[in-house]
Structure formats: structure tokens, C-alpha cells
Amino acid sequence: MLDLFKKHQYEKVENEVKMTFERQDDFLKQQTTVIRDFGDKCRFNKIYNELYWDTPNVYLDIEDDLKEQEDKIPFVDGIYLYDEKKEIVLSSVGLFSEELFFDKICQIETEIFENAENLEGGVVACRALLQGEKKEGILFVTAIRTWTSKGEETKYLLFPVRNRKINSQFEQSEEDKIFLTYQDKVLYTTENWKIEDNWEKSFEKALSDKDAYVWQSDMECGFKYTRMISKKSITDSLNIYLRGYAIWVLCSLGIGVVLACFFSKIRYENYRKLILHNEELEEERNGLRIESCLYELLQKEVRPQEELWNRCLESKIYINRKYKFFVVLPDNIPENKGYYEWFGQQMNKYSVSTAYRIEIVEGMLIYLVCTDESARELEKKITTLATGNVQIGIGDLTTDISKLRQSYQQAKERMNKLPGSKEKNLYPEREVMSLKEAVKNSDGTRAALLIDEISDYMKQIDTTMITGILWDVSRIFGISMNKVLEEKENANESIDDFAKRFLEDMKKKAEMLPKPVQEKTSGYKKRDIVDVLSYVHEHYLDDNFSVKYIAAYFETSVSNLSHFFKKNMEITISQYVEQIKLERAKEMLQSSDKKISEIAETLRYANSTAFIEMFKKYEGVTPGAYREDGNNKD
């Protein structure tokens, strides 16, 4: 039995080590890929090739470029360009002589440069002493071939990393020993070896230790990762289990009642935490269900005992109460915040009245009020709500559930007629922006409802404004406006009839969007930021890729995931995806003959215009100009 427990413990540790290997391999592979990509970029950048310089021996552009890249690679302590021919080292803070740099700033073994040159763009590494403070670290080196007036020349990009940064990635217990090697050279270890010691011999001696289990992995990026765990630590964990078993036996004889109560209390607290967390997830899910039901109430006619009626009651929307009506008011007037709170208190003051909030258009508060209060009390409240300078629209009381849509239309029309409301023939900017957000989040029900809103609004505006709205709606759904115009010409019908038919088609397309995840009730499993980055890199070109689906995969909410990502990467997930697409686009522009439209389609942009706007935003030039500039460099 003891051997069985020991075997089980060993397999558990072995599985944990394998998972660690995979995570570290992904991390190092990602860092070496970034280094290698920057080396490839420098090779074709004229500021690193003296043959194309207008003012030779001026390095300000190189310093600025190194500084910009350092901000993009927080893993390294700095980036340096070593010119062996001129015996100088360039950095983002200035120029160093070769002697000063390798004596005071970064002490290394010089044969690494020969290895880097032989690898032809690959990444090599060696142990280093950094900043003259005897701080140990690793120096990553990649060679780049540049052009000078005398022909080809090899320069070297240096990327020093201190051990304190590596320690944050290679976490271990006090008993564990970790070694990172490259070409049989020890680069990093958790052992307190002295600088002057022969680390390679010490490593061989450590591997021969019979009192430890050894796991090794040859990583795809060229490094070897070794982890040693003492057999004593596994035996101690087994002893803990045996001691617990003995305590359980003793408890059964007499003193176990006290200990059982103590451990039961701990388990109960953990259970309560789990229950509370599940309650939070259940509350979020119920909110989504309520929102979905309210959307459908504004689109469909519902009758008692029908499927939508039953779903509303299950979601605690009491549409079986006597009176129902809608209230519409703007949420973007700061001086009326207290009034909004008062409204919520009045409508939910007693159990006989309940107000359900729904957001259709950004900046608008919409409430469905279901109540069993008397007509006199309701009229008194409505009169109070309608007084003052607050813009508010209140629909008629209805006892017929099928007339809810009519009550909403009345509330909206009454608010629009108030002084200060938006004038007719004004572009429905809020509705279009809200539609864009709904389509982006794959919220098909809300998108369909917003299309109805836009369709109603188009009845009041002129032909020019209708054409502009059709243009924006087609872009939101990724449809070429040229195709829309061709279809309009071929249909041979008025712009009003065509707009109505076109929006009906877009409504059907919106209803086919996947539903938001509502049934997820399992707990949040916290991951390393590398896991999130890996998932983004693998799936950012998927058709249904969105922040909501990433959150569903990692079993958390959108807000939790966004906060976690922003805290670790200092940018949002959307901005990070744009950066990935930008780098991929630049690579395709330089290395392929694909058309701009083909690249835009590959990167899942709605059309070429959206892709060109993104590229110009970050690079300052259009993709075509960037491609021509890159060809001229070659």
C-alpha cells in the first residue's frame, strides 16, 4: 500500500513537471521569436545599413528604434547593437566603446559572436555579468547581415536579461533545483554557485545525485530545461498523508471529534466560498437571461402560457401582473443622476412593483415596469415622474401583454418630442454605434432589435441620410457597399423600399449570430498571462473570435479577463490583437505578392477600407506605400 501511495505521488509530480516544461518552452519560444523577428526587421531597415545612410556615423535613428523596441519587449533589460568592425556598441541611451561595454556593462565569453554568425539569424545565448554590479544574467545574441559601402558586414543585436526577471518565470519550491542550458553551457540555475566556479562540472555532479529525481526537456527553441526534485520531498509529502491517516484513526478512538470539527469548519468555509462564487455567476447568467427575454418582448407579440411568457416568468419578469408600461430616459445627463436613483426606488419600493432595466441604445435607460398597484397610485407616480426638466418618455399603461411593443414606441416618441431632444432628419449615431457593438459582441438579439429601431427612424429622414445609414450598416456586417449599390440598381425600386428590404436581410443575418454564453456556472480558473497570450495567438483569426469567447474558454467574466490582461500587458486585448495583425500584415506585404484585399480577408477585416485605416493609424502610411518602400529597400 505504501508503494502504491509513493507511485501515485511520483506520477502527480511528474505530470506537474511536464506541464511546467510546456509552459517554459512556450515562454522561451515566444521571446526568441520576438528577438529573431526584430533581427529580421533590422536587416531590411536602412538605418542599420550604412549603404543607404545620407549622414553616416549618426546613430540617433538607431537609438530611437532601439528605445521603441525595448518598450515592446519588457522581458529584456535593454537592446544593444554591437559593431565589431568599428568596435562600438549602440544603445537607446548612447554609444559605448567595445572595451567599456564588455568590461563594465556586460561581461561575457566572446566566442558567442562566432556561434551567432554561424547560425545565420538564429538566437544564441550565454551567461553574463550585467551592469558592473556582478549581477548574473543571460545574454541573447542574434547576428544580422547589413550592407556598407565596402560590401556585406555582420553586426550583432544583444539582449541582456537579469536573473531576477527569469526567476519570476521559473518558480520552484525550496527543495527544487532548476537548470537552463544552451549547447552544454549552464545559463541559469537556482543553486548559489559562485561566479568563478566551473558551472558545467557542478551541473554534471548535480545530475549524478541519487537522492533526487531528474527531468529534462529539449525545448524547441534550442535550450534544455532540467528540473530536479529531491526524493525526500516526495517522501515527506507521503509522510504527511500517513500522519493524517494515523490522526484519523486516533480521532475515531476518542479525540477525533475535535479535529473533525476543525477540518469540517475549513471545508465548510471553502464550500461557502464556492457557493458564493457560483451565486455570483448565477446572478450574471440570470441577468443575461432577463436581458434576452426583454429583447424578445420588444420584437415579438407574446400571449399567456406561450414559450416566451413562461421563460419570462422563470427569469422573474412578472409580466403576469395587471399593469405594464415602458419608461425611456437618457443616461448621459449628470445633473439628473439623483432623479434616476429616485425613479428606481419608487418603482421597486414595494413587492407589487418591479422595474427591469434594458440597454438597447448606448446612453439610454429603458425600463419595463410590471405592477399590481392601483391605477390611482400609478397615475400619481407617473405624474410625479413627468414633472420637472428631466427628459423622460412614459408609455401608456396596458393590461394586454401583446401591446408591450406599442407602449415602448409611445414612450420613445414622447421623449423625442420633448424640448432638447434630437431633431428629425438627424443621423441616428447612437443607434448605429450600438449596432456595431452588438454585432462585434455577437449579440444577435440586440442587433436585430437595433435594426428595427433604425428602420423606424429611417421613415422620418431624407434620401441622402438613408444612403449614409445603409453605407454604415453594410460596413458593420462586412458587406461591400458597391455590391449594395449594384443590387439597388438591379432591383429597380425606390430607395425606401430597398432600404426596408435590405434591413430585413440584415436582421435575419443578425439573428443567426451565436448567442452569448449564459449557462457557464463553473468557477474561474486563473491562468498565467502566457496562457492567455498563447490562446490569442492561436485563435485571433477564428471567425467567432471575441473577448467574450476568450472569457468563456478561461471560465471567467469579460471584466475579470480584461482587467487581468490590462494589468499584465498594459494594453487592452483588442489593442494587442491589432498589434498582432499589424505585424502579420507587414510580414505579408514584404514577403508575398498578395493583393491588399486578400491580406484584409486573411486577417478577418470586414473590407479593405477597414484594413487600410488600421494600417495607416499605426504606421502612418498606407499598405501600398509601405510595400513599395519595402521593395525599394531590397
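- Taken from OG1 in T181 to CZ in R127, the straight-line distance is 11.5 Å, to the nearest 0.5 Å.
- Remark: N115 engages no residue in a side chain to side chain donor-acceptor pair (under 3.5 Å) (not counting sequence neighbours).
- Looking at Q69 and S92, their side chains never come closer than 4.5 Å, going by heavy atoms from C-beta outward.
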Subject >> Chi angles and distances behind the ring-ring contact (aromatic ring centres under 6.0 Å, His included) call for Y82, F102 >> reply: CA-CA 10 Å; Y82 172 39; F102 290 112; 5.1 Å; yes

Subject >> Derivation of the side chain to side chain contact (heavy atoms under 4.5 Å, CB included) call for M506 and L435 >> reply: CA-CA 11 Å; M506 294 303 100; L435 176 61; over 6 Å; no

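- A ring-ring contact (aromatic ring centres under 6.0 Å, His included) check over residues 461-508, counting only residues at least two apart or in different chains, returns nothing.
- Judged purely by atom type and a 3.5 angstrom limit, R627 uses its side chain to pair as donor or acceptor with the backbone of L589.
- In this structure, K155 and L90 have side chains that are not in contact, with every pair of non-hydrogen atoms separated by 4.5 Å or more.
- Using a 4.5 Å heavy-atom cutoff, the side chains of T32 and F223 are in contact.
- Classified by interplanar angle (parallel below 30°, tilted 30° to 60°, perpendicular above 60°), the ring pair Y626/F615 is perpendicular.
- Heavy-atom minimum distance, G137 versus N163: CA-OD1, 3.3 Å.
- In this structure a side-chain-to-backbone donor-acceptor pair under 3.5 Å is present from N49 to W147.
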**OP:** Give the C-alpha distance, both sets of side-chain angles, the deciding distance and a yes or no for salt bridge (Lys or Arg N to Asp or Glu O under 4.0 Å) between E68 and K72.
**Re:** CA-CA 7 Å; E68 181 181 353; K72 295 179 181 178; 3.6 Å; yes

**OP:** Could you check Q183 against C126 for side chain to side chain contact (heavy atoms under 4.5 Å, CB included), going step by step and ending with a plain yes or no?
**Re:** CA-CA 9 Å; Q183 294 183 350; C126 69; over 6 Å; no

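- Between L561 and I573 there is a side-chain heavy-atom pair separated by less than 4.5 Å.
- Open room surrounds NZ on K436; 12 or fewer heavy atoms of other groups in view lie less than 6.0 Å from it.
- Aromatic pair F75/F159: centroids not less than 6.0 angstrom apart.
- No donor-acceptor distance shorter than 3.5 angstrom exists from the side chain of S455 to the backbone of I451, with no hydrogens or angles considered.
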**OP:** For the pair E587 and R584, evaluate salt bridge (Lys or Arg N to Asp or Glu O under 4.0 Å) and give the outcome as yes or no after the intermediate values.
**Re:** CA-CA 5 Å; E587 178 184 344; R584 178 75 180 276; 5.3 Å; no

**OP:** Report the C-alpha distance between C106 and L158 in whole Å, list the side-chain angles of each, state the deciding distance to 0.1 Å, and finish with yes or no for side chain to side chain contact (heavy atoms under 4.5 Å, CB included).
**Re:** CA-CA 10 Å; C106 183; L158 314 180; over 6 Å; no

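- With N607 contributing its side chain and A610 its backbone, the two residues share a donor-acceptor pair below 3.5 Å.
- Closest non-hydrogen pair, I466 versus A499, comes out as CG2-CB, 3.9 Å.
- Across every non-hydrogen atom of P623 and I596, the tightest pair is CB-CD1, 3.6 Å.
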**OP:** Under the salt bridge (Lys or Arg N to Asp or Glu O under 4.0 Å) rule, what do R475 and E613 come out as? Steps first, then yes or no, please.
**Re:** CA-CA 13 Å; R475 289 183 62 189; E613 290 177 354; 3.7 Å; yes

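- Applying the salt bridge (Lys or Arg N to Asp or Glu O under 4.0 Å) definition to pairs two or more places apart or across chains, those involving residues 593-605 are D543-R604.
- Counting heavy atoms from C-beta on, the side chains of E578 and L582 never come closer than 4.5 Å.
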Subject >> Audit row: Q30, L533, side chain to side chain contact (heavy atoms under 4.5 Å, CB included) steps and yes/no >> reply: CA-CA 10 Å; Q30 182 187 33; L533 294 177; 3.9 Å; yes

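- Contact check for T154 versus E84: no side-chain heavy atoms found under the 4.5 Å cut-off.
- Annotation for I476 and V432: closest pair CD1-O, 3.7 Å, computed over non-hydrogen atoms.
- For the pair L603/L541, a side-chain contact is recorded, criterion being any heavy-atom separation below 4.5 Å from C-beta on.
- Rounded to the nearest 0.5 angstrom, I88 CD1 and E98 CD are separated by 10.0 Å.
- Here R23 contributes atom CZ and S534 contributes atom OG; the two are 11.0 Å apart, rounded to the nearest 0.5 Å.
- Looking at T142, its side chain never comes within 3.5 Å of a backbone N or O of V123 through a donor-acceptor pair.
- Between Y535 and F554, the distance separating the two ring centers is shorter than 6.0 angstrom.
- Here SG of C42 is found 7.0 Å from CD1 of I47. Values are rounded to the nearest 0.5 Å.
- Here the closest heavy-atom approach between residue A447 and residue A510 is recorded as CB-CB, 3.8 Å.
- Side chain of E70 to backbone of I79: a donor-acceptor contact under 3.5 angstrom is found.
- Atom CG of L60 is separated from atom CG of L95 by 11.0 Å, given to the nearest 0.5 angstrom.
- The minimum heavy-atom distance between L66 and L81, with the atom names listed, is CD1-N, 4.4 Å.
- Defined by atom type and a distance below 3.5 Å, a donor-acceptor pair is present between the side-chain atoms of E117 and Y156.
- Taking the six-membered ring where the residue is Trp, the centroids of F38 and F140 are separated by 6.0 Å or more.
- Interatomic distance, CD of E583 versus NZ of K41, reported as 6.5 Å (0.5 Å rounding).
- By the 4.5 Å heavy-atom criterion applied to side chains, Y576 and M569 are counted as neighbours.
- Between the D65 side chain and the D61 main chain, no donor and acceptor come within less than 3.5 Å of each other.
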